[in-house]
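To start, the structure itself, in structure tokens.
Just so you know, these numbers use all the heavy atoms, side chains as well, and skip hydrogens, waters and symmetry mates. For ligands, and for the atoms within them, numbers begin at 1 and follow the listed sequence.
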Amino acid sequence: MGSPHIPDPPRTCRATAVLPPELVLDARDAEGHAPETLMAIQTRLACELEAHEDGPHAALVRLLPAPHGENLWTHWTDDRAPEQITALTDCARTNGAPSGRDDVCFLYGNHPGRCSFDLATPDP
Ligand SMILES: [Zn+2]
Ligand SMILES: [Zn+2]
């Protein structure tokens with residue numbers, strides 16, 4: 001009955017949210033960083049975790065300059081908009097592939113789900 005089930009590769013969640021204006025200000029005023037060293041603020045967010053049923057979504061808001069090892073993230077749920085910007089240390093696990101094909105996880109430390117290099121991003 002039916003075709004054999006082929007498991008889908010793990011996918012990125014991609015749930016979307018818009019960063020509220022007050023959080024844009026928080027991200028802009030990231031403490032301890034000269035404004036000119038900061039990268040652009042992401043205001044249109046898409047969850048970067050492995051597709052999940054439970055728990056909050058998470059997206060990178062702003063990259064902080066290396067070698068800080070921290071970036072600005074926000075979390076939200078399907079019924080609550082982002083409320084807070086958090087500086088989180090990088091996950092930085094690697095896929096262990098040889099140099100040239102190696103990849104570092106760009107998610108934050110202790111994130112749920114798999115690392116970014118194991119996730120397929122769905123077509124837009
Ligand atoms: Zn999500
Ligand atoms: Zn990771």
Side-chain angles (χ1 to χ4, degrees):
M1 212 175 88
S3 51
H5 179 67
I6 300 163
D8 291 328
R11 295 238 152 205
T12 310
C13 170
R14 304 311 285 172
T16 56
V18 174
L19 194 69
E22 62 271 25
L23 293 192
V24 176
L25 296 181
D26 284 359
R28 194 191 61 188
D29 300 337
E31 248 174 83
H33 299 281
E36 64 273 15
T37 65
L38 292 166
M39 324 253 175
I41 300 169
Q42 293 294 328
T43 55
R44 304 182 69 81
L45 309 171
C47 178
E48 297 175 50
L49 300 175
E50 181 181 359
H52 54 101
E53 304 263 321
D54 302 314
H57 303 294
L60 181 69
V61 172
R62 190 168 220 184
L63 291 167
L64 298 179
H68 219 71
E70 270 188 359
N71 294 302
L72 300 181
W73 290 79
T74 194
H75 292 82
W76 73 97
T77 62
D78 290 331
D79 43 38
R80 280 228 326 263
E83 290 176 343
Q84 217 184 335
I85 302 272
T86 321
L88 296 171
T89 53
D90 296 337
C91 169
R93 269 182 291 186
T94 65
N95 64 356
S99 176
R101 294 191 5 241
D102 53 342
D103 211 351
V104 176
C105 178
F106 64 76
L107 297 170
Y108 54 89
N110 297 317
H111 61 83
R114 289 170 217 238
C115 286
S116 60
F117 46 73
D118 281 335
L119 301 176
T121 303
D123 297 329

For E70 versus L64, what's the shortest heavy-atom pair and its separation? O-CB, 3.2 Å

Steps toward side-chain contact (heavy atoms from CB on, under 4.5 Å) verdict (L23, T74): CA-CA 9 Å; L23 293 192; T74 194; 4.1 Å; yes

Could you tell me whether the side chain of H57 reaches within less than 4.5 Å of the side chain of H52, counting heavy atoms only? yes

Using 2.8 Å as the cut-off, count the protein N, O or S atoms closer than that to the Zn ion (ligand 1). 4

Distance below 2.8 Å from the Zn ion (ligand 2): protein N/O/S atoms: C91 SG, C105 SG, H111 NE2, C115 SG

So do R28 and I41 actually touch side chain to side chain, heavy atoms under 4.5 Å? yes

Specify whether W73 and Y108 have parallel, tilted or perpendicular ring planes, treating 30° as the upper limit for parallel and 60° as the lower limit for perpendicular. perpendicular

In one Ile/Leu/Val/Met/Phe/Trp/Tyr side-chain cluster, 4.5 Å: L49, L63: yes

What's the shortest heavy-atom distance between N95 and D102, and which atoms? OD1-CA, 3.3 Å

SG of C115 to CG of D103: how many Å apart, nearest 0.5 Å? 10.0 Å

With the side chain counted from C-beta on, respond yes when L19 and R62 share a heavy-atom pair under 4.5 Å apart, and no when they do not. no

